[in-house]
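Below, chains carry the letters A, B, ... as their sequence lines are ordered, and counting in each starts from 1.
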There are 2 protein chains.
Amino acid sequence: MPAPARLTAALLLALLPAMAAVGDAAAQAKKPYRSGQQILDASPASDWRTLDPARTLYLELASGRVVIELAPAFAPEHVANITTLAHEHFWDGTSIYRSQDNFVVQFGDVDGEDPAKAKSLGSAKTHLPAEFHRSAKGLDFQPLPDRDGWARQVGFVDGFPAARDGADGKAWLAHCYGTLGAGRNNADDSSIGAELYVVIGQSPRQLDDNITVVGRVVKGMELLSTIQRGPEPMGFYTDPAQRTPIKSIRLASEVPAAERTPLELLRTDSQTFRDVVEAKRNRVDDFYKRPAGHIDLCNVPLPVRTPGGKK
Amino acid sequence: MPAPARLTAALLLALLPAMAAVGDAAAQAKKPYRSGQQILDASPASDWRTLDPARTLYLELASGRVVIELAPAFAPEHVANITTLAHEHFWDGTSIYRSQDNFVVQFGDVDGEDPAKAKSLGSAKTHLPAEFHRSAKGLDFQPLPDRDGWARQVGFVDGFPAARDGADGKAWLAHCYGTLGAGRNNADDSSIGAELYVVIGQSPRQLDDNITVVGRVVKGMELLSTIQRGPEPMGFYTDPAQRTPIKSIRLASEVPAAERTPLELLRTDSQTFRDVVEAKRNRVDDFYKRPAGHIDLCNVPLPVRTPGGKK
């Protein structure tokens with residue numbers, strides 16, 4: 001039976017039966033190429049995890065909800081303080097008061113530095129140690145084999161892009177698109193988690209290990225990335241009316257279960273994740289003519305899906 | 001006379017007289033640190049260039065003007081065709097019909113693939129060769145010393161972020177924030193410059209040498225980066241009303257001189273540029289506690305200013 005003339009080489013390759021035994025690297029290399037989406041579609045349920053509601057924040061804007069996963073393994077003191085601030089409704093009625101193109105949006109109490117006008121921090125701590133990095137020991141660090149200019153080694157820890165200078169050295173979370181950090185002044189221990197920023201542009205890795213990273217946005221980035229920019233060079237609005245009001249920031253665990261956003265995140269310690277990364281590192285499809293043979297930490301997709309639905 | 005107590009170490013350092021002779025590397029290393037802005041403020045006028053109006057595009061939106069510099073040295077056929085299309089007002093009344101978060105906005109004739117509805121291409125060519133790369137020979141390539149995972153060497157050519165695999169090998173323009181590329185279908189020679197995209201997120205370097213890059217946005221990125229996103233996964237709007245109308249795209253040379261946007265761009269072959277890059281690679285100020293000692297190609301600032309004014 002003749003094959004239809006329009007069958008492309010890539011499609012023919014995809015039709016070949018999988019001959020490789022799992023775990024056999026040589027055979028793996030001969031497996032037909034699958035796109036990232038095809039790999040995800042075939043993934044077992046056990047490769048996905050849900051968010052812990054006690055370390056999930058909902059940032060509520062008029063435009064919708066931004067879902068944030070906190071990183072207590074890297075910034076326990078900041079996450080504890082943020083948890084207190086959310087529990088006591090500190091951010092309700094504050095604003096996104098900075099939007100700098102290709103850099104960050106920043107939010108919190110715009111009067112936070114003025115003792116006469118600052119909102120009460122309630123029972124939150126007013127001083128915390130810097131948590132720029134931690135010991136790499138004890139972390140389940142999944143390294144990327146790809147070279148990185150900013151750190152000796154990069155990879156993932158519990159779904160977060162991370163770096164380390166050795167298995168027994170320092171480890172820190174990396175500044176990628178969607179990273180949530182704690183704004184500070186010049187003193188390294190001047191952040192308390194009340195003023196936060198989210199990366200909305202090219203990964204500013206120069207901030208790595210220079211500031212306390214407290215989590216990352218897992219859903220709703222488009223609500224932050226499209227906020228009208230403030231004036232150059234820093235993106236702080238001159239007209240307060242341009243700020244984006246924050247309705248509330250809540251812990252998911254303090255929101256009724258029926259109002260929570262159900263999400264599943266691909267486990268970065270899964271074979272599915274490694275396969276997706278390799279499918280992006282070396283794309284073999286009708287569009288790409290030259291596989292890159294490389295992927296940067298902040299280009300790695302971190303898949304999120306709604307259970308029972310599409311991404 | 002005692003110094004005020006609040007004088008910081010960095011400020012004291014900045015007050016030290018410059019003792020180094022220009023060109024003396026050892027002495028250079030002892031020069032007081034200057035921020036990128038301080039270096040720019042002290043730069044000679046000769047380190048700046050203006051745009052060639054004949055290879056500058058003005059993309060006019062209701063929100064304002066986006067200024068684009070074309071790259072005929074890398075994509076001569078595409079730039080010639082784009083010049084024809086602009087001259088004949090091809091894009092007037094078309095739209096930005098795609099906005100994918102952390103990736104690209106795309107614009108042109110949304111019906112371009114439908115022969116029954118497509119706008120006339122006028123006297124523009126309907127087929128062009130792929131211009132993914134060119135010979136590196138003859139290019140004034142200013143290499144960055146920093147390691148890059150995607151290419152053997154990266155640097156700048158006439159203000160554009162670029163890469164090459166050797167001085168006598170291939171060279172191509174890199175996909176950074178603001179890069180303008182020519183959309184294509186699966187065939188490598190299926191772009192003609194009528195459908196264009198601009199990078200609005202983390203640099204998608206996997207596209208390098210896989211698509212024809214035709215220029216970059218030098219002013220007005222914030223008008224593109226804040227456009228409401230279309231639905232996942234690709235960002236094409238389902239409702240045509242969500243598209244952003246394009247009033248016109250014109251060559252600056254075909255706009256009355258009084259209506260042009262005066263801009264100066266820092267020459268990437270200047271000492272000022274090298275100094276700015278080094279100031280960003282190794283930041284020494286009150287904020288940064290750990291200089292990165294590295295910079296990625298797409299993190300390098302490409303300063304643009306308005307003559308006689310501020311950036």
Asker: Only pairs of heavy atoms separated by less than 4.5 Å count here; which of B:Ser190, B:Ser99, B:Pro204, B:Gly149 has the most with chain A?
Answerer: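 The residue among B:Ser190, B:Ser99, B:Pro204, B:Gly149 with the greatest pair count is B:Gly149.
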Asker: Which one wins on heavy-atom pair count under 4.5 Å against chain A: B:Ile211, B:Asp148, B:Val199?
Answerer: B:Asp148
Asker: Select one option (side chain, backbone, both, neither) describing which atoms of A:Leu223 are under 4.5 Å from chain B's heavy atoms.
Answerer: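 Neither part; nothing is under 4.5 Å.
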Asker: Rounded to the nearest 0.5 Å, what's the gap from CG on A:Leu207 to OH on B:Tyr288? Could you check?
Answerer: 4.0 Å
Asker: Does any backbone or side-chain atom of B:Arg283 lie under 4.5 Å from a heavy atom of chain A? Answer side chain, backbone, both or neither.
Answerer: side chain
Asker: Based on non-hydrogen pairs under 4.5 Å, which of A:Ser63, A:Ser225, A:Ala187, A:Gly201 is most in contact with chain B?
Answerer: A:Ser225
Asker: Is B:Asp296 close to A:Asp296 at the side-chain level, that is, under 4.5 Å between some pair of heavy atoms?
Answerer: yes
Asker: Is it the backbone or the side chain of B:Asp208 that comes under 4.5 Å from a heavy atom of chain A, or both, or neither?
Answerer: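 Contact with chain A is through both the backbone and side chain of B:Asp208.
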Asker: Using a 4.5 Å cut-off on heavy atoms from C-beta on, say whether the side chain of B:Arg147 contacts that of A:Arg147.
Answerer: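 Yes, side chains in contact.
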Asker: In terms of heavy-atom pairs under 4.5 Å, which option from A:Asp146, A:Asp209, A:Ile200 contacts chain B the most?
Answerer: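 Between A:Asp146, A:Asp209, A:Ile200, the count favours A:Asp209.
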Asker: Give a yes or no on whether the backbone of A:Lys289 and the side-chain of B:Asn210 come within a donor-acceptor separation of less than 3.5 Å.
Answerer: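 Here the side-chain-to-backbone pair exists.
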Asker: Heavy-atom cut-off 4.5 Å, strictly under: side chain, backbone, both or neither for B:Asp188 against chain A?
Answerer: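 Interface part for B:Asp188: both.
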Asker: Kindly check if the number of other-residue, nucleotide or ligand heavy atoms within 6.0 Å of CZ (A:Arg152) is above 12?
Answerer: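 Open: at most 12 neighbouring heavy atoms sit under 6.0 Å from CZ of A:Arg152.
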Asker: Ignoring hydrogens and geometry, is there a side-chain-to-backbone donor-acceptor pair from A:Asn299 to B:Ser203 under 3.5 Å?
Answerer: yes
Asker: I want to check something: taking the side chain as every heavy atom from C-beta on, are B:Thr226 and A:Arg229 in contact at a cut-off of under 4.5 Å?
Answerer: yes
Asker: Does anything in residues 172-181 of chain A reach chain B? List residues with heavy atoms under 4.5 Å apart, or say none.
Answerer: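 Listed by number: A:Trp172, A:Tyr177.
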Asker: Once you round to the nearest 0.5 Å, how far does CZ of A:Phe287 lie from CZ of B:Arg184?
Answerer: 3.5 Å
Asker: So what's closer than 4.5 Å to chain A heavy atoms on B:Glu222: side chain, backbone, both or neither?
Answerer: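 Both backbone and side chain.
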Asker: Quick check for you: to the nearest 0.5 Å, what is the distance between B:His294 atom NE2 and A:Arg205 atom CZ?
Answerer: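 If we round to the nearest 0.5 Å, B:His294:NE2 and A:Arg205:CZ are 8.0 Å apart.
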Asker: What part of A:Gln202 gets closer than 4.5 Å to chain B, counting heavy atoms only: side chain, backbone, both or neither?
Answerer: both
